[in-house]
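Shown next, in structure tokens, is the structure this report addresses.
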Protein chains: 2
Amino acid sequence: MTSTEHAEPAPRRRRGRPGYDQSAILRAAIDLFNRRGYDATSMGDLARELGLTKPAIYHHVSSKEQLLGQALDDALDELTAVVSEASRDGAGAGAYERLRGVVRRSVEVLVAHQPSVTLLLRVRGNSEVELAALERRRWLDDRLAALVADAVAEGALRDDVPPGLVSRLLFGMVNSLVEWYRPDGAYDLRMVAEAITSIAFDGLARHETGHLARHDT
Amino acid sequence: MTSTEHAEPAPRRRRGRPGYDQSAILRAAIDLFNRRGYDATSMGDLARELGLTKPAIYHHVSSKEQLLGQALDDALDELTAVVSEASRDGAGAGAYERLRGVVRRSVEVLVAHQPSVTLLLRVRGNSEVELAALERRRWLDDRLAALVADAVAEGALRDDVPPGLVSRLLFGMVNSLVEWYRPDGAYDLRMVAEAITSIAFDGLARHETGHLARHDT
DNA sequence: CCTACCGATCGGTAGG
DNA sequence: CCTACCGATCGGTAGG
């Protein structure tokens with residue numbers, strides 16, 4: 001028994017019914033793009049998902065590619081903020097501490113903006129929008145590699161592996177998060193951030209020495 | 001000047017001209033699928049790439065999806081071989097050594113079969129073929145998590161991070177390889193395998209103790 | 001915000 | 001009759 005039944009046989013109709021705005025459509029689009037892939041997702045799929053028709057979507061959105069662009073910008077803006085803050089060497093903090101900070105804050109961004117970051121990490125460069133995103137990603141990668149190089153130069157990181165290789169592997173591990181992390185899963189944000197930093201910097205093996213350097217950035 | 005010129009104005013024609021076989025078409029398809037994405041690649045694209053017509057491709061191949069399936073099977077067969085070998089606990093080798101072995105051999109497989117593994121790691125489950133591949137992948141993940149758990153139980157790995165989380169992060173780092181590794185690039189296979197195992201097990205930080213446990217599996 | 005469409009291109013197959 | 005293809009087009013669906 002539903003409350004407030006009217007005489008109308010179709011109680012569904014209201015003024016400007018669902019009332020989706022651009023950002024609600026964007027969220028749904030990002031979700032579908034991630035589940036099926038961008039190319040495998042049609043605007044018709046998106047319309048059905050939202051209970052709209054295809055033309056109704058184009059009332060809010062100018063193109064499918066624009067939706068992708070906005071998602072990629074969201075992810076890139078967040079990651080750029082994290083990386084630029086750590087790159088302008090702040091008051092007295094060493095490169096090693098700044099690197100640990102970037103790793104931790106990257107994990108936070110990946111979790112808070114997982115859908116858009118996931119999309120970013122899958123971009124292939126198939127369009128102008130994707131190529132622009134790849135260029136911004138390259139900028140991030142370069143900054144991260146420089147930060148790793150600084151930490152090596154500082155003497156805080158091992159120097160038997162090229163900094164470029166270290167940064168790819170380190171952030172490869174961080175980024176892999178988007179493939180499996182679920183906010184409602186067994187691992188919370190703090191645990192994952194702690195696991196990544198401690199595995200990356202101190203390693204998995206239990207060393208016999210017993211006194212591993214503990215950092216809690 | 002080409003040798004053996006005939007009177008014919010079109011010297012291009014020969015018996016069964018280019019002579020592509022199934023595996024050459026598969027290789028080209030995998031390459032295109034990786035560069036543009038599976039859905040963004042049309043059979044027409046593949047035909048153009050090979051200098052054939054679309055119907056000519058269907059002479060060798062039954063469907064686009066079959067090409068994907070064969071690529072995924074190739075990757076899965078290789079990875080399954082590595083994981084099963086390490087899972088049936090061989091003569092005397094401990095879980096820790098077997099885990100290091102799996103990491104190293106996984107790196108070798110990722111490099112030797114990079115195109116098909118890359119495809120595998122991007123599967124979304126959009127078809128029966130993809131769903132079957134995801135199921136086999138889940139089996140692999142479970143085996144790897146069990147191996148990590150064994151190594152923890154053995155006392156060789158740190159126990160302050162859940163084994164499931166460790167295995168995701170460890171193989172997240174390993175798998176990230178396919179995103180950037182180039183056989184003709186700056187890093188050779190040995191260097192990458194060494195970097196991954198030493199970072200994963202001993203960590204990035206330079207410890208003051210000086211005597212890190214060194215393993216060269 | 002819908003019905004009704006467009007130019008083009010999709011994966012796949014006909015006859016020869 | 002085989003192989004290795006071609007020119008043309010199928011029924012449907014894409015983004016817009």
Nearest-Å distance for atom pair CZ/P, residues B/R36 and C/dT9: 14 Å
Distance-only donor-acceptor test, B/K64 side-chain atoms vs C/dG12 base atoms, 3.5 Å: no
Working for salt bridge (charged side-chain N to carboxylate O under 4.0 Å, His left out), residues B/R35 and B/D31: CA-CA 6 Å; B/R35 269 155 46 198; B/D31 189 55; 2.5 Å; yes
Pairing of A/R122 and A/E179 as salt bridge, 4.0 angstrom limit: yes
C/dT9 and D/dG11, which share atom name C1', separated by this distance in whole Å: 13 Å
Whole-Å distance separating the NZ atom of A/K54 from the P atom of C/dC1: 17 Å
Salt-bridge criterion met for B/R105 and B/E85 (N-O under 4.0 Å): yes
Interatomic distance, A/H59 NE2 vs D/dG15 P [rounded to whole Å]: 20 Å
Value in whole Å for how far the C1' atom of C/dG11 lies from CG of B/D45: 12 Å
Cationic N near anionic O, under 4.0 Å, B/R48 to B/D45: yes
Sugar-phosphate only, base, or nothing, as touched by A/T41 at under 4.0 Å among non-hydrogen atoms: sugar-phosphate
Phosphate OP1/OP2 of C/dC1: any A/T53 side-chain N/O under 4.0 Å: no
Per B/P55 side chain, nearest of listed nucleotides C/dC1, D/dC6, C/dC10: D/dC6
Any B/Y58 side-chain N or O less than 4.0 Å from OP1/OP2 of C/dT13: no
Separation of atom CD in B/Q22 from atom C1' in D/dT3, rounded to whole Å: 16 Å
Whole angstrom value for the distance that separates C1' of D/dG15 from CD of A/Q66: 14 Å
B/E194 side chain near B/M191 side chain, heavy-atom distance below 4.5 Å: no
Rounded distance (Å) that lies between atom P of D/dC5 and atom CG of B/L46: 14 Å
Spacing of A/N126 atom CG relative to D/dG15 atom P, expressed in whole Å: 14 Å
